[in-house]
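Along the sequence shown, the residues carry numbers beginning at 1. All values reported here derive from a predicted model rather than from experimental measurement.
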Amino acid sequence: MRVDRTLRVVLAEDGVLLRDGLAGLLARFGHEVVASVGDAEALVAAVGEHAPDVVVTDVRMPPGFQDEGLRAAVELRQRRPGLPVLVLSQYVQRSYAAELLDSGDGTGVGYLLKDRVGQVEEFIDALAGVADGGTVVDPEVVRQLLRRRRDPLERLSPREREVLALIAEGRSNGAIARQLVVSEAAVGKHIGSILTKLDLPPADDTHRRVLAVLAFLRA
């Protein structure tokens, strides 16, 4: 997935080398970094000043190097519902991904491991997906969750769990169909069954997919 427009990005990362590298990468793909900052307080201020199309932020930032970046991202989405945010993390933290998805209506958010930045095409596609209101969860988070069987996912068949994992990675129905070598109609039926088995309330399709991902992360 790629957006056909230049994205205005606020970038927050305390590591100078990585921050500069990310800024250069984004510029290479035609995006504009309107602010590049090194702590959570500066991130909040930069978003207020520049009103970006999307925020890219690290989880752990000064002064405590705990979850300041994540907290700032959640706060920003509370202030500006729908603000697209892509969070980068050094390690798999399922609770971080779930908390980020809980902010706003769960759309326009992404949680990726920093290693994913090295896979340039995947990173840029994830950024574009989040900017367009999608939900993206790092495949490694998904893989770790799939190793453990717990409710409510125990109700799902192996194929349904596979489809849900791909939804969590931000894949479209068409992409899931190509990955599993099945028809889009078959994918649609699997998704309908997943939503039913997870007892999700009536809502539009996009929001129900987000709720399914949340159920996946909380399981």
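- In this structure, Arg19 contributes its side chain and Glu13 its backbone to a donor-acceptor pair below 3.5 Å.
- Checking each of Arg77, Arg71, Gln78, Arg79 against Glu75 for a side chain to side chain donor-acceptor pair (under 3.5 Å) leaves exactly one that passes, namely Arg79.
- Proximity of a side-chain donor or acceptor of Glu68 to a complementary backbone N or O of Gly64 within less than 3.5 Å is detected.
- Residues Val136 and Leu86 are members of one and the same hydrophobic cluster, defined by side-chain heavy-atom contacts under 4.5 angstrom among Ile, Leu, Val, Met, Phe, Trp and Tyr.
- With values rounded to the nearest 0.5 angstrom, Lys197 atom NZ is found 5.0 Å from Ser157 atom OG.
- Smallest separation of non-hydrogen atoms from Leu76 and Leu83: CB-CD2, 3.8 Å.
- Among Val56, Asp58, Thr57, the single residue meeting the side-chain contact (heavy atoms from CB on, under 4.5 Å) criterion with Leu43 is Thr57.
- Linking Ile, Leu, Val, Met, Phe, Trp and Tyr whenever their side-chain heavy atoms come within less than 4.5 Å puts Val120 and Val33 in one cluster.
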- Query: Yes or no on side-chain contact (heavy atoms from CB on, under 4.5 Å) for Val59 and Leu88, after CA distance, side-chain angles and deciding distance?
  - Reply: CA-CA 6 Å; Val59 168; Leu88 303 177; over 6 Å; no
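- No chain of hydrophobic side-chain contacts below 4.5 Å, direct or via other Ile, Leu, Val, Met, Phe, Trp or Tyr residues, connects Val47 to Met61.
- In Glu32, the CD atom is crowded: over 12 heavy atoms of neighbouring residues, nucleotides or ligands sit closer than 6.0 Å.
- One distance of note links CG of Leu17 with CG of Leu22; it measures 11.0 Å at 0.5 Å rounding.
- Asp14 and Gly38 make their closest contact through CB-O, 3.5 Å (heavy atoms, listed as atom of the first residue, atom of the second, distance).
- Arg8 places a side-chain N or O within 3.5 Å of a backbone atom of His50 that can act as its donor or acceptor partner.
- With hydrogens and angles disregarded, no donor-acceptor distance shorter than 3.5 Å links the side chain of Arg60 to the backbone of Asp67.
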- Full working for side-chain contact (heavy atoms from CB on, under 4.5 Å) between Leu180 and Arg159: CA-CA 9 Å; Leu180 301 181; Arg159 176 61 91 182; 3.2 Å; yes
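- Of the possible polar contacts, none joining the His31 side chain to the Thr6 backbone as a donor-acceptor pair under 3.5 Å is found.
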- Task: Using the side chain to side chain donor-acceptor pair (under 3.5 Å) rule, take Ser193 and Glu160 through it: C-alpha gap first, then chi angles, then the decisive distance, then the call.
- Result: CA-CA 8 Å; Ser193 178; Glu160 289 165 350; 2.6 Å; yes
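- When side chains are defined from C-beta on, Val9 does not count as touching Val55, because their heavy atoms never get closer than 4.5 Å.
- The CD1 atom of Ile176 lies 5.0 Å from the CD1 atom of Ile191; values are rounded to the nearest 0.5 Å.
- Rounding to the nearest 0.5 angstrom, the gap separating the CD1 atom in Ile167 from the NE2 atom in His190 is 10.5 Å.
- What you find for Pro52 and Val10 is that their closest heavy atoms are CG-CG2, 3.6 Å.
- Separation of atoms CG (Leu195) and CG (Leu164) is listed at 9.0 Å; rounding is to 0.5 Å.
- Between Ala131 and Val54, the shortest heavy-atom distance links the atoms CB-CB, 4.4 Å.
- Atom-to-atom distance recorded for Phe29:CZ and Leu7:CG is 12.5 Å, nearest 0.5 angstrom.
- At least one donor-acceptor pair closer than 3.5 Å links the side chain of Asp39 to the backbone N or O of Ala42.
- A heavy-atom distance below 4.5 Å is found between the side chains of Leu26 and Ile124.
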